[in-house]
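Below is one structure, written out as structure tokens, with a few remarks after it.
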Amino acid sequence: MRAKFDHPGAPSPCQPLPPLPLGPYSPTVTAGGFVFVSAQAGVDPVTGEIPSGGFDQECKQAFVNLLQAVASAGASARDVVKATVLFSDAEDFPTVNAVFAEFFPDHPPARTAAVVQLMGDKRIAVDAIAVASGDGTA
């Protein structure tokens, strides 16, 4: 089965694109009926800057970027079946949980959360696997 690689700068009819990747990888790949989304940091997709307002705003921006990437591949938040949340400070775990619940209120996907060292001054990155059907019936 051939995978569909969604390249940076590819047009999206209704959704803004997530930030461009910082390396030689695809932001999203569709294969085997699933959409695989590379980790999305909490940066503004236009400026590449971390939003002001502390970890809460950076966390929300990461999830906005994640769902923009999911949408650019034709799926939605309801199609996400697995998420991985990487963040740099264990003290931020309550915020991670609250924001996760805000973005996935009804049927949250399976999730892994881990405290890790991230590149630069970024404090969170989120990746996901979604069902490619885009119909929200996962």
Atom pair [atom1]/[atom2] of [X] and [Y] - distance to nearest 0.5 Å:
X: Asp79; Y: Ile129; atom1: CG; atom2: CD1; value: 13.5 Å
X: Lys122; Y: Glu58; atom1: NZ; atom2: CD; value: 8.5 Å
X: Asp44; Y: Gln61; atom1: CG; atom2: CD; value: 5.5 Å
X: Cys59; Y: Glu102; atom1: SG; atom2: CD; value: 9.0 Å

**Report entry** Partners meeting side chain to side chain donor-acceptor pair (under 3.5 Å) with Asp92 (sequence neighbours left out)
**Finding:**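 Partners of Asp92 by the side chain to side chain donor-acceptor pair (under 3.5 Å) criterion come out as none, since no residue qualifies.
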Requested in this report: Could you pull out all residues at least two apart from Asn97 that satisfy side chain to side chain donor-acceptor pair (under 3.5 Å)?
Outcome: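 Partners of Asn97 under the side chain to side chain donor-acceptor pair (under 3.5 Å) test: Arg111.
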Requested in this report: Give the intermediate values and the outcome of side-chain contact (heavy atoms from CB on, under 4.5 Å) for residues Ser38 and Asp127.
Outcome: CA-CA 5 Å; Ser38 296; Asp127 70 17; 5.8 Å; no
Report task. Walk me through it: do Val35 and Val70 pass the test side-chain contact (heavy atoms from CB on, under 4.5 Å)? Result -> CA-CA 7 Å; Val35 177; Val70 167; 5.6 Å; no
Query raised in the report: Residues in ring-ring contact (aromatic ring centres under 6.0 Å, His included) with Phe34, at least two apart?
Result: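 Scan of Phe34 (ring-ring contact (aromatic ring centres under 6.0 Å, His included), adjacent residues dropped) gives none.
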Query raised in the report: Minimum heavy-atom separation for Ile124 to Ala62, with atom names?
Result: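 Here Ile124 and Ala62 meet closest at CG2-CB, 3.9 Å.
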Requested in this report: Identify the heavy atoms of Pro94 and Ala90 that sit nearest to each other, and give their distance.
Outcome: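 Nearest heavy atoms, Pro94 then Ala90: CD-O, 4.5 Å.
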**Report entry** Verify same cluster id: Leu118, Val64 (apolar side-chain graph, 4.5 Å)
**Finding:**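 Hydrophobic grouping puts Leu118 apart from Val64.
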Query raised in the report: Phe93 and Leu86: same hydrophobic cluster, using ILVMFWY side-chain contacts below 4.5 Å?
Result: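 No: no chain of side-chain contacts under 4.5 Å links Phe93 to Leu86.
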Find out whether [X] and [Y] are in side-chain contact, i.e. whether some heavy atom of one side chain is under 4.5 Å from a heavy atom of the other.
X: Asp121; Y: Ile50; answer: yes
X: Thr30; Y: Phe36; answer: no
X: Pro109; Y: Phe100; answer: yes
X: Val85; Y: Phe63; answer: yes
X: Thr112; Y: Lys82; answer: yes
X: Val37; Y: Leu66; answer: yes

Query raised in the report: Does the side-chain contact (heavy atoms from CB on, under 4.5 Å) test come out yes or no for Val99 and Asp56, once each step is laid out?
Result: CA-CA 8 Å; Val99 172; Asp56 181 69; 3.9 Å; yes
Sidechain-backbone polar pair: [X] side chain, [Y] backbone, donor-acceptor under 3.5 Å:
X: Asn65; Y: Gly42; value: no
X: Glu49; Y: Val43; value: no
X: Gln57; Y: Phe55; value: no

Requested in this report: Apply side-chain contact (heavy atoms from CB on, under 4.5 Å) to the pair Phe104 and Leu67, showing each step before the final yes or no.
Outcome: CA-CA 10 Å; Phe104 299 104; Leu67 294 182; 4.2 Å; yes
